[in-house]
Each structure stands twice: as structure tokens, then as C-alpha cells.
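Note sheet for the following structure.
Numbers restart at 1 for each chain; the letters A, B, ... are given by sequence-line order, proteins then strands.
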Amino acid sequence: MTELPSESTDQSITTDSGDEFPLRLNLSQWFVTVAIVVSVAWAAPSVWKWVEPFEETSDYRLPVDWSEDYWTYQRHVNEAAKSKIMIVGDSVVWGEYVRPKEALHACLNKEMPGSVFANGGVNGMHPLALQGLIDWHTRGVQGGLLLHCNLLWTSSIERDLQVDEAVSFNHPDLLPQFNSRIASYRANTERRLSTVIQERFGYRQLVRHWRVTNFAFQNIPAWSIEHPYELPWRRFRSTATPPKDKPHSKPVVWSKKIRRPLDLAWIDLKVSNQWLAFQRCVSIFQQRGNDLFVVVGPINEHCLTAESRERYHQRTAEVSRWLSEQNVCHIVPTTLPTDEYGDASHPLAKGYHSLALQLRSSVEFQDWVLANRQEFSIATEE
Amino acid sequence: MLFHTWHFLLFFLVVYTIYLILRRTSYWTHWLLFASCVFYGWWSPIYLLLILYSTLLDYLIVYWMEKSSRKRTWLAVSIVSNLSVLAAFKYLAFFTDNLNGLLQWCGVVSRLEVPVGFLLPVGISFYTFQSMSYTIDFYRGQIPRETSFIRFAAYVSLFPQLVAGPIERARKLLPQLQHLPKLKLDMVTDGASLFVIGMFKKVAIADYLAMYADPVFANPAIQSASALWLGTIAFAWQIYFDFSGYTDMARGIAKMMGFDLMRNFRHPYLATSLGDFWSRWHISLSSWFKDYVYIPLGGNRHGRWRTNRNLMLTILLSGFWHGAAWTYVVWGCIHGVAMVASRPLERSPKYEAVPRVFRQILVFLVVLLAWVFFRATSVEDALTILRGMFLAGWTDPVCPWILVAMVSGIWVYQWTTESKLSWIWKLAAIRIGMFCGMVLYLMFIPGTRQAPFIYFQF
């Protein structure tokens, strides 16, 4: 049809003839294409490990800005767990107010000569997300594992994600997407489907790594709009950035920030999303044959009202009872001195030291460390 | 349910598997109809009532038309009923609003209530036209009556092309539904190829271009001339890739099931005249208007003046079809006027002597300026943009060079397909390389944002 007025031919039919799209593949070409694409997607994460070497140091911890870079976390954990006992948990393990060398793992290493702990904490890693992290990203962890249980996540319905409205929170992609109802998580089905499918592909983790570490959490097209004259490939690093040797938050004692005692509700553990998730975390590790040791708290009881403290004690007793029933070695340390906390749950440097001393004085903990240290020694000798 | 979502992928896997199983039975059309209802109902189940109304109406009207000697009356009933539905859901608020403006201008105090809360059902303009084509074609004696309601309903609602076309004619698609379509291996591989190309066009190109064009059009008054030009160029390519991407995916899906849907685009920005542009852009709509509006109006049979009048009216209606806003009317008007004005020029030997590339650039410029009205939120905004394009200062447009490189690359690609270099794209290595590139790009680069197709709003 040269233009609309020609009416002698029926263009609706004639325009459909001829080689309408030159780019098409036949069956054998599709096979080759699929083979190439699958190979690239499969090989890309391994190749990238070579492009961007990861240097495991004794005090490595995932930078806060990279908290959603589970690919780097996985590399760190897989590497560290070969010779060390991972301490897994949230920012209490990570060390919110302390430098890497002052966090719990470092204090334990110092107080218990010959012990081999590594920092596996991730900022904002609440149990519901931890469950996904463990499920998808810690499969390489064998043997002993120290799991921290921070009950602060069960202190209110907001933290327990029970509020019946969309709430912004950390690590939503690690949440169970379909098999449990979390009132505050309102992602649509498409997003959930996408998360479930994509979390299972290694190359998607690499894509997330690129976005988190190089492109300010954006995909390359979106990033290029904000950086129109930059070359994206120049953003890629030649090595994983070493951890910053400074605390994430200014180490100030809690009493300068919290003026009134907190009346935390401490919701019933039977209906707590976070506690159920923590139970599942324990169960996953047990099923994998990990030798688990759980540290419950200690949270800052000094900042609580008497009633709230009482409720908290009831919860810790329940947790301890459940862990005993599951034959999981555990300890519920007493609360640390008041000036050793930076807020309701994070110790300051002195606090980690005190906590390490408490753990060292526990016979059960000593035996557990010994057993796992021997295991590492044997493995190393072999 | 958008084609480039996991929802659709799962939906299609289920539908396709069962379709392949049922192909040997007489239930395959039932299954297609059911799948199409699920697909359409996914937006809102209430929409199904509307499509059922349109389908039932035309099915019964043709039935009565066949029995009756007053065929013309039945045709009028069909056209009026279909257009009434379209008017009620798409244009009522626009008409009321403008009528109120007119009343106010005349000094009348009372105002008509503007209907609010009317949801524009997705794809209503597409399936209404498709359904009407059946009645008109039957009236003209070009097709026999479809006896099976299920088959007719499957024709109106066939899910690949239901929400944004191509607007198929009954004489082309109904026969494909009357007999089990032969499903050859090359149809499946071609269908898959089209689907991947369409997805790449939409996700990798159109959505990227939108990231630049959207902010420019959102706040045109503060943009520099360079940004306005680049933003408009970005939108011109965005709408092309968005819509042609959708069409490619629709055709790919249909092809995998053994159906052949018409081609909707043919490198429109390589057109050398405006008539040529309309033979390359949204072909199923322009040919619909040609067959059912332009030719019945008299076409080019009654002299230059009436030809121009028919042309103008057809293009204007085509513009108004896109949406209930003055911007679309102006868009249609610009195309109509430009087409009428340029016809004598385009037919002159001197114009033919102008190098092809210059003619292409000239046509692209006219189309580009018309797009300003199509994209702008109001006529005032469009005028602000046009003024800015020529009068605002030239400062850094802050346009990613990757985007510029991408658009240039696409233009070169399209140019080669219509040049002597088209053999390049027949080389197996090039094709495999291109597909690997597209699939890997889709896997590694874009975000998870599922932007809807622009033409879904029409």
C-alpha cells in the first residue's frame, strides 16, 4: 500500500506476505542459542569470581550498604566456613556500634585462644529473612555453627510483621513468598513469583551483586539515566571491597538516646512470625547436620519497664525450653552492664567482650567449641 | 496479565500444553475461549460481561441479518450498538466535559455531571472493531455466517491479540478457527523467535526510552530545546517499540498455536512519504479504517476535493480512536492535513529525485512533531513543548550516550533490512549471535519493573 487512497488491493492481507522479519531461528539454531545462553548463565557466576577475587580476611563482614548482596555473602560464608565456625545472625552479630575487630566473633577468638569464629551477621537480617538466607545462601556451611537469636524481633507486632498494612522492611526477597501469610508483606503475586524463580538461579544473584555494589541498587538502564556520560563497564570492580574499619553507627551508650523505659509488648511466641521463622532456621540447620549452638540475646534489659522485662524473661524461658526439647545446645546470657549497650539490643565494644567472657565461662559452650575446633583441625590435617 | 511477566509465562505453559493435548479433540476452540476469558478476566472479571455483550450482539445480529431482508437495518443496529458501548466507556466523560465547556461559553449556568468511576475496559477499542468487522463483512457478502457461537466468541476474544490487536478481520481469522490449524515445527520456532524479539523491543528498548522521555514530558516547561528534541525522539521510538513489541509477542504466541495474525508494523520510520508511513504504522488499524471508513465514504473515486475530505476524515477518526482527548484529535488532524498537503508533492518527480534518506528524515520530522500532541498530557503542554523545541536554549540534554547509541543502532539495523545489505541478517551466525545477545540482555540487564504497554490504554 503506497498510501491510504489505493483501494484496489486488500492490504490487510497482502501486507502479511514476504520475509516479514529477517531475524528468525530454526530448530537447530534455537538449540545452539539455548545451549550458549544456558552455558553463559551457568558459567557467569564462576567466571565473575575469577574477575572479582574475594579475599577472605579473619574479620570480614558484609558492608552495610551491601546487605542485600547475598552473592558476596555466600562467597564469604562458603570461604570462611571451610576453616571457621560461622556466627549467623543480624546486626548484633555483625556489630552495629563496633569495628570489625571488636565484634562478637573477634572477642571470642581473643578470649578463647585457638578458636576460629567468623562474622556471618547481616544488617537487618530478621528471622523471617534469615530463613531464606539460610535456605538459599548458606548451603556450603558444614559442621559447627553459632546462631544468634535476637528476640527483639518479636517485641512488637510491627517488628513481627503482623501489622495489616504494607510496611517497608529489610530483605523482603528472602521472605517465604507463598507458604506463609505475613500481613505486612504486600508484594503482588508477580513480584513473589519473580522472587521465587529468580532466587533459585545463580546468575540472578550475580545480577543483584552488580546492582548493589556497582550501580546504586539500580539496573544499568536506570543507572545510566542518572549517569548519562559514564561507561557502565568501568563501574565493575577488580576485587571485592574490603570491609570498612569503622562502626556503622556512632558508639554512644543507649541512655543518651533512650530517655524513657521501653514498654515492649513481647508478643506471644505461639503466634509470632519471627519466632516460627527462627524455629525453621534451627530445623534447617539440624536437617543439614550442622552442630548448632544458639545464643539467646542478651538484650538490653536496663531500658525496659519492669513489666516488659518480666514478659521478656517469660519468652526467653520458653525459647530455652523449646531449644532443649530440640536437643540444641544453647545459652541465655545474663544482661550486660548498662553502659555496655548502644541501644535496646546492640552491645558496644565492651559489651561484646563481656558477652564473650560469659560464653567462655559456659562449660557447654567450651565443649561445643572444642568439638568443632577438633573437627576443623582434623579437616585441616587431612 | 502482561506478556512479559511470569504470570503470563506460567499461564501460557498451562494453556499451550492443554491446547496441544486437546488439538485432537473437538474441544480445542472451547479451551481457547476459556483461556481467553481467564486472560481477559485477570484484569477484572467484570470486563467479561462487556466482551460477552459485544460478542453476543454481533453473533445474533448476523443470525437475524441472514434471516431478514432488512440487512441494512441490522447492520445499523450493530454499528450503533458497538459504537455506543465504545462511546459510553471511552468518550462519555470527554463529551460531557466539552459540552459543559460549551455551555459555560454560551453563558448557560447549569452543568452536566461528568461521569466518574467509569473504568475504561482494556482492549475495548480493539475487540469492538474486530467484532464489527464480522458484521460488516457478512453484510457485504464477503464471509458466511459463523454458526458456532463458541468459535465466534473465540475469534473475538482470542487472547494473544485481544487487548491490543492486531485487529483481525473475520475473513482471515475465522477460517483459521474453523479447521484445526496445522502446527508445523517452523511455526513454533518462528513464533518463539517473534516472542523473544517482541520482548526485547518492549523490555530492553521501549522501557529504557521511557525512562528518558517520561520526565521530559512530565515537566516540559523546564526543559531545554535539546532535551525536548531528544525526549520527543525517545518517545517516537518508545511508542514504536512498545507497540510493535507487543504485536510481535502476540503474533509469536499465536504462531506457536498455529494461527497467523497480520503484520502490524513495517519499519514505519523508514517511510518516504506520509502515505507510506500509514502503510507501515499500525497496519491493522489503518487498513480497517481504509476498508470500513475511507472506501465507504467514496475513497478516491470522486475527484481531488472529495478524496482529500475522505482522507482527512479517516485520519481524524483514527486519531480520535486512540483516546478521548483533544491531543489525539490534533494528532490526527496534523497527520490528515500533512497527508493532504503533501500528496501532490510526494507524487512529483522532483520529490522522487530527492535521495531516499532525506525523504525519510523529512517524514520522520513531521511524524515526530505530531507525536508531541500524542504524548503530551494537554494541548497546552504540547504547545509548550513545540515552542521550547524551537525557542528554548540549547543546553546539555543529559541523555545517556548508551541510549543514543542504541537508537542509532536500531535505525542502522532497520535500514539494512530494507537495503542491499539485508543478506547479513540471513547468516546463521549473525542470527544466533543476535538472539544470544537479546536473551542474555533480558536475563542480565533490565529491572523487574513491568511497565504496561502504551496501547493498552486505547
Side-chain angles (χ1 to χ4, degrees), chain A residues 1-7 10-30 32-37 40-41 44 188-198 201 203-204 206-207 210-211 218-232, chain B residues 5-7 10 169 172 185-186 189-190 192-194 197 207-208 211-212 248 260 262-263 266 273-276 278-279 283-284 286-288 290-291 294-295 299-300 307 311 314 339 343 398-403 417 422 425-426 428 431-432 434-436 439-440 443-448 450:
Chain A
M1 185 162 105
T2 52
E3 66 173 50
L4 204 62
S6 69
E7 54 192 78
D10 184 348
Q11 287 302 322
S12 63
I13 299 193
T14 53
T15 47
D16 207 17
S17 59
D19 191 11
E20 51 182 290
F21 65 111
L23 273 183
R24 54 149 71 88
L25 299 180
N26 60 31
L27 189 64
S28 54
Q29 289 167 344
W30 263 119
V32 175
T33 304
V34 170
I36 293 172
V37 167
V40 171
N188 60 28
T189 323
E190 177 63 27
R191 164 105 181 127
R192 290 167 192 257
L193 257 178
S194 163
T195 304
V196 167
I197 294 166
Q198 296 189 36
F201 290 108
Y203 84 90
R204 291 302 308 178
L206 177 61
V207 171
W210 288 343
R211 288 184 188 163
Q218 292 172 308
N219 57 61
I220 294 176
W223 173 86
S224 78
I225 295 288
E226 288 175 15
H227 305 82
Y229 307 125
E230 280 187 53
L231 298 168
Chain B
T5 59
W6 291 106
H7 268 138
L10 292 179
R169 306 303 165 74
K172 183 161 181 259
L185 191 61
D186 62 346
T189 54
D190 279 2
S193 305
L194 265 174
I197 290 170
D207 288 352
Y208 184 26
M211 288 181 200
Y212 186 75
D248 286 346
D260 200 17
M262 73 183 292
R263 194 179 175 187
R266 208 159 44 82
S273 69
L274 281 173
D276 188 22
W278 280 99
S279 70
I283 298 166
S284 66
S286 53
S287 62
W288 195 100
K290 187 196 81 179
D291 290 348
Y294 179 73
I295 292 173
N300 60 357
T307 302
L311 201 56
T314 308
M339 201 185 235
R343 279 187 76 208
V398 202
C399 181
W401 71 265
I402 305 177
L403 198 138
T417 59
S422 60
W425 308 109
K426 290 187 170 60
R431 290 182 179 199
I432 291 170
M434 289 288 280
F435 270 87
C436 286
V439 176
L440 288 171
M443 287 167 71
F444 281 86
I445 307 297
T448 47
Q450 269 93 31

Below 4.5 Å from any heavy atom of chain B, which atoms of [X] appear? Answer side chain, backbone, both or neither.
X        : value
A/Glu226 : neither
A/Leu27  : both
A/Ala41  : both

Given heavy-atom pairs under 4.5 angstrom as the criterion, report whether the side chain, backbone, both or neither of [X] touches chain A.
X        : answer
B/Ser284 : neither
B/Met434 : side chain
B/Ile445 : both
B/Cys436 : both
B/Val398 : both

Measure the spacing between [atom1] of [X] and [atom2] of [Y] and express it to the nearest 0.5 Å.
X        : Y        : atom1 : atom2 : result
A/Ile197 : B/Leu10  : CD1   : CG    : 5.5 Å
B/Asp190 : A/Trp30  : CG    : CH2   : 10.5 Å
B/Thr189 : A/Arg24  : OG1   : CZ    : 8.5 Å
B/His7   : A/Arg191 : NE2   : CZ    : 13.5 Å
A/Ile225 : B/Leu403 : CD1   : CG    : 6.0 Å

Worksheet item: Side-chain contact, heavy-atom cut-off 4.5 Å: B/Ser287 with B/Arg169?
Response: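 Contact flag for B/Ser287/B/Arg169 side chains = yes.
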Practice prompt. Report yes if the side chains of A/Gln29 and B/Phe435 come closer than 4.5 Å at any heavy-atom pair, otherwise no.
Written response: no
Practice prompt. Give the member of A/Val40, A/Ile220, A/Thr33 that has the highest number of heavy-atom pairs under 4.5 Å with chain B.
Written response: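 The candidate making the most pairs under 4.5 Å is A/Thr33.
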Worksheet item: Highest number of heavy-atom pairs under 4.5 Å with chain B: which of A/Leu193, A/Val32, A/Asn26?
Response: A/Leu193
